[in-house]
Amino acid sequence: MDVNNIKNAVESGKTALGIEFGSTRIKAVLVGEDNAPIASGSYEWENSYLDGIWTYSLEDIWKGLQASYAQMAADVKKTYGTVLTKIGAIGFSGMMHGYMAFDKEDKLLVPFRTWRNNITGEASEKLTELFHYHIPQRWSIAHLYQAILNGEEHVSQISFLTTLAGYVHWKLTGRKVLGVGEASGAFPIDVEKKDFHADMMRQFNELVADKNYGWKLEEILPKVLVAGEKAGELTEEGAKLLDVSGNLQPGIPFCPPEGDAGTGMAATNSVAKRTGNVSAGTSVFAMIVLEKELSKAYPEIDLVTTPTGNLVAMVHSNNCTSDLNAWVGIFREFAESFGMKVDMNQLFGTLYHKALEGDADCGGLLSYCYFSGEHITNFEEGRPLFVRTPESQFNLANFMRTHLYTALGALKVGLDILLKEEDVQIDKILGHGGLFKTKGVGQKVMAAAMNSPVSVMETAGEGGAWGIALLASYMINKEAGESLDEYLAQKVFAGDEGERMDPDPADVAGFEVFIERYKKGLPIERAAVDNLK
């Protein structure tokens with residue numbers, strides 16, 4: 001679209017705005033009639049560690065929201081010469097899960113507890129046993145039950161319990177709702193009814209009945225909505241909160257607030273069954289949209305949903321590229337010691353491509369990239385290490401290939417449960433994140449790890465703020481009966497299937513040999529954690 005057409009779309013409100021609260025950045029993305037980004041703004045922020053809790057203050061939430069919106073509105077003014085006063089639809093997204101509890105006066109009872117807090121181990125274990133359904137530590141219900149187990153006084157005063165995205169949405173619209181994908185990180189979802197699981201809710205109420213709280217769980221949780229449903233509109237008070245300049249008019253419809261997992265699925269066109277996406281950077285996670293329930297609960301696998309309520313298996317590994325990047329840094333230091341000026345993109349590209357020359361099984365080398373703990377392989381702490389035998393084929397190609405393989409090692413352990421034990425079928429995987437920046441290398445390794453085709457799209461880098469903007473756009477622009485996956489395929493990603501790479505059978509076989517070595521070598525990592533302080 002040319003500038004004049006975009007200006008007309010802005011002035012007539014034929015736009016959609018998505019704002020996502022990430023862990024280090026709040027980003028606002030405005031899209032036009034063709035769903036392409038036309039303006040953006042952002043705000044950097046950091047969590048604080050207060051009294052043993054990772055948190056963000058309410059002040060920071062609103063300061064960051066207003067700053068990112070103001071920057072986006074300034075981008076509109078500068079680029080298109082018009083003041084932003086109306087928007088077709090708005091959506092909010094946030095880092096999933098966590099715990100925000102309010103009393104009947106709408107006062108926050110304890111500081112916001114984010115996903116990063118590993119303080120709910122006892123609650124997670126007991127609820128998983130009660131429900132026969134894996135409850136990760138970061139889920140809202142785990143935080144609530146841990147507070148109950150701890151005997152925290154605030155629990156009896158709770159009137160409303162929500163997540164970060166749900167909180168911001170509530171303050172701007174007056175509606176206490178969550179999108180089903182975000183809701184699936186608050187409490188387990190009944191995928192048939194697209195609502196919180198009634199039997200599990202009853203079990204929880206019975207579990208805490210002796211406490212005689214003045215609430216039942218269904219009374220304090222938000223209402224669950226699916227993508228496409230209207231979730232309220234911007235109130236006059238909300239308009240002033242969002243846009244301190246006072247230019248934005250109230251009455252703008254909102255889509256259901258979502259979590260960053262759901263917006264990532266939308267931004268990568270992976271909401272349909274038998275599709276999935278892998279985000280690989282400092283950490284790595286894979287999300288696969290399932291055709292049916294798994295046969296049992298697995299501690300390595302979280303179950304969430306798409307924004308339309310379809311079941312998703314999520315495998316999340318804390319460690320991916322940090323150790324790999326550290327080794328590349330050593331090679332840069334080596335080159336600079338010889339007086340060579342090093343371009344980091346070229347260095348990464350050269351070393352990554354060198355890995356492709358290595359043996360399919362890495363020549364007997366072994367590495368663990370555990371900078372931090374790794375729940376999939378049962379490590380509470382990590383020690384990056386590299387191991388070889390005298391007989392190993394120790395050369396640069398195998399060395400680099402080992403570090404690429406091990407970046408996906410823990411992830412593969414979890415994925416193998418889905419692919420081999422549960423026989424989950426996958427038609428397409430979309431890769432995004434830093435590991436895929438060097439063309440064709442990370443993609444080839446991921447295809448080998450999963451024994452599945454992997455595609456990479458240029459638009460995947462737009463991120464979750466674009467994803468929630470797409471969900472807002474879907475709500476107001478969908479045809480009657482048009483599903484979200486149809487809308488994304490036909491109105492957003494038509495003609496952009498990305499570059500697909502099929503798995504090389506030799507690579508697949510080599511990765512299988514490597515992963516067996518990886519699993520057998522875990523006692524070495526345990527010894528390092530226990531003895532290297």
Side-chain angles (χ1 to χ4, degrees), residues 13 15-22 26-31 39-43 45 56-73 76 84-96 98 100-102 105-108 112 159-179 181-183 186 221-225 227 229-260 262-263 307 464-465 467-476:
T15 55
L17 172 65
I19 300 182
E20 180 157 278
F21 288 79
I26 302 169
K27 186 174 182 182
V29 171
L30 188 71
V31 301
S40 65
S42 64
Y43 176 83
W45 71 338
Y56 300 86
S57 70
L58 295 185
E59 182 185 353
D60 278 347
I61 291 169
W62 293 108
K63 181 181 175 185
L65 173 62
Q66 290 162 357
S68 59
Y69 178 87
Q71 195 179 93
M72 180 276 300
V76 169
L84 190 60
T85 61
K86 59 178 82 169
I87 297 168
I90 298 177
F92 280 93
S93 168
M95 53 193 119
M96 281 183 76
M100 297 189 82
F102 298 86
E105 269 84 47
D106 297 343
K107 178 189 167 197
L108 186 67
F112 167 36
S159 174
F160 180 45
L161 177 63
T162 191
T163 65
L164 176 57
Y167 164 68
V168 175
H169 182 99
W170 166 44
K171 287 300 176 184
L172 296 182
T173 66
R175 293 283 306 279
K176 296 177 176 179
V177 300
L178 282 180
E182 172 74 325
L221 286 176
K223 178 180 172 61
V224 179
L225 299 175
E229 290 189 275
K230 188 176 174 183
E233 55 186 41
L234 187 64
T235 62
E236 285 195 26
E237 182 186 19
K240 291 171 187 169
L241 263 176
L242 180 57
D243 180 13
V244 293
S245 74
N247 291 319
L248 190 63
Q249 299 170 4
I252 299 166
F254 274 55
C255 72
E258 265 300 345
D260 50 8
T263 59
I468 189 67
L470 296 179
L471 292 174
S473 173
Y474 169 67
M475 180 187 69
I476 56 170

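Judged by distance alone, the side chain of Glu258 and the main-chain N or O of Glu182 form a donor-acceptor pair under 3.5 Å. Side-chain atoms of Ser473 do not come within 3.5 Å of backbone N or O of Ala469 as any donor-acceptor pair. At least one donor-acceptor pair under 3.5 Å links the side chain of Gln71 to the backbone N or O of Ser42.
How far CG of Asp60 is from CZ of Phe112: 11.5 Å, rounded to the nearest 0.5 Å. With rounding to the nearest 0.5 angstrom, the CG atom of Leu108 is 7.5 Å from the OH atom of Tyr167. Residue Asp260 holds its CG atom at 7.0 Å from CE of Met96, rounded to the nearest 0.5 Å. To the nearest 0.5 Å, atoms CG (Asp106) and OG (Ser159) are separated by 7.0 Å. Rounding to the nearest 0.5 Å places CD of Glu20 at 9.5 Å from NZ of Lys27.
Residues Gly91 and Ile468 come closest through the heavy atom pair C-CG1, 3.4 Å. Nearest heavy-atom pair across Pro253 and Ile476 is CG-CG2, 4.2 Å. Across Ala89 and Met475, no two heavy atoms sit closer than the pair CB-CE, 3.9 Å. Between Leu17 and Ala28, the shortest heavy-atom distance links the atoms CD1-CB, 4.3 Å. Here the closest non-hydrogen pair linking Pro256 and Gly179 is CB-CA, 3.6 Å. Between Pro307 and Gly262 the shortest heavy-atom distance is CG-O, 3.7 Å.
Annotation: side chain of Lys176 is not in contact with side chain of Thr162 (no heavy-atom distance under 4.5 Å). With a 4.5 Å cut-off on side-chain heavy atoms, Met100 and Ile61 count as touching.
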Quick one, Met72 with Ile19, criterion side chain to side chain contact (heavy atoms under 4.5 Å, CB included). Give me CA distance, side-chain angles, the key distance, then yes/no. CA-CA 10 Å; Met72 180 276 300; Ile19 300 182; over 6 Å; no
Let's go through Phe21 and Tyr56 carefully: what are the C-alpha distance in whole Å and the side-chain angles of both, what is the deciding distance for side chain to side chain contact (heavy atoms under 4.5 Å, CB included) to 0.1 Å, and is it a yes or a no? CA-CA 11 Å; Phe21 288 79; Tyr56 300 86; over 6 Å; no
What verdict does the side chain to side chain contact (heavy atoms under 4.5 Å, CB included) test give for Val177 and Glu229, after you've listed the backbone C-alpha separation in whole Å, the side-chain angles of each residue and the deciding distance to 0.1 Å? CA-CA 11 Å; Val177 300; Glu229 290 189 275; over 6 Å; no
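In this structure, the side-chain contact (heavy atoms from CB on, under 4.5 Å) partners of Asp243, at least two apart in sequence or on a different chain, are Tyr69, Ser245, Asn247, Leu248. Remark: Phe254 engages Phe92, His169 in a ring-ring contact (aromatic ring centres under 6.0 Å, His included) (not counting sequence neighbours).
Here Trp62 and Tyr43 keep their ring centres 6.0 angstrom or further from each other.
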List the atom pairs, donor and acceptor, that lie under 3.5 Å between side-chain atoms in residues 233-242 and the rest of the protein, sequence neighbours left out.
residue, atom, partner, partner atom, Å
Glu233, OE1, Lys230, NZ, 3.3
Thr235, OG1, Leu172, O, 3.3
Thr235, OG1, Gly238, N, 2.9

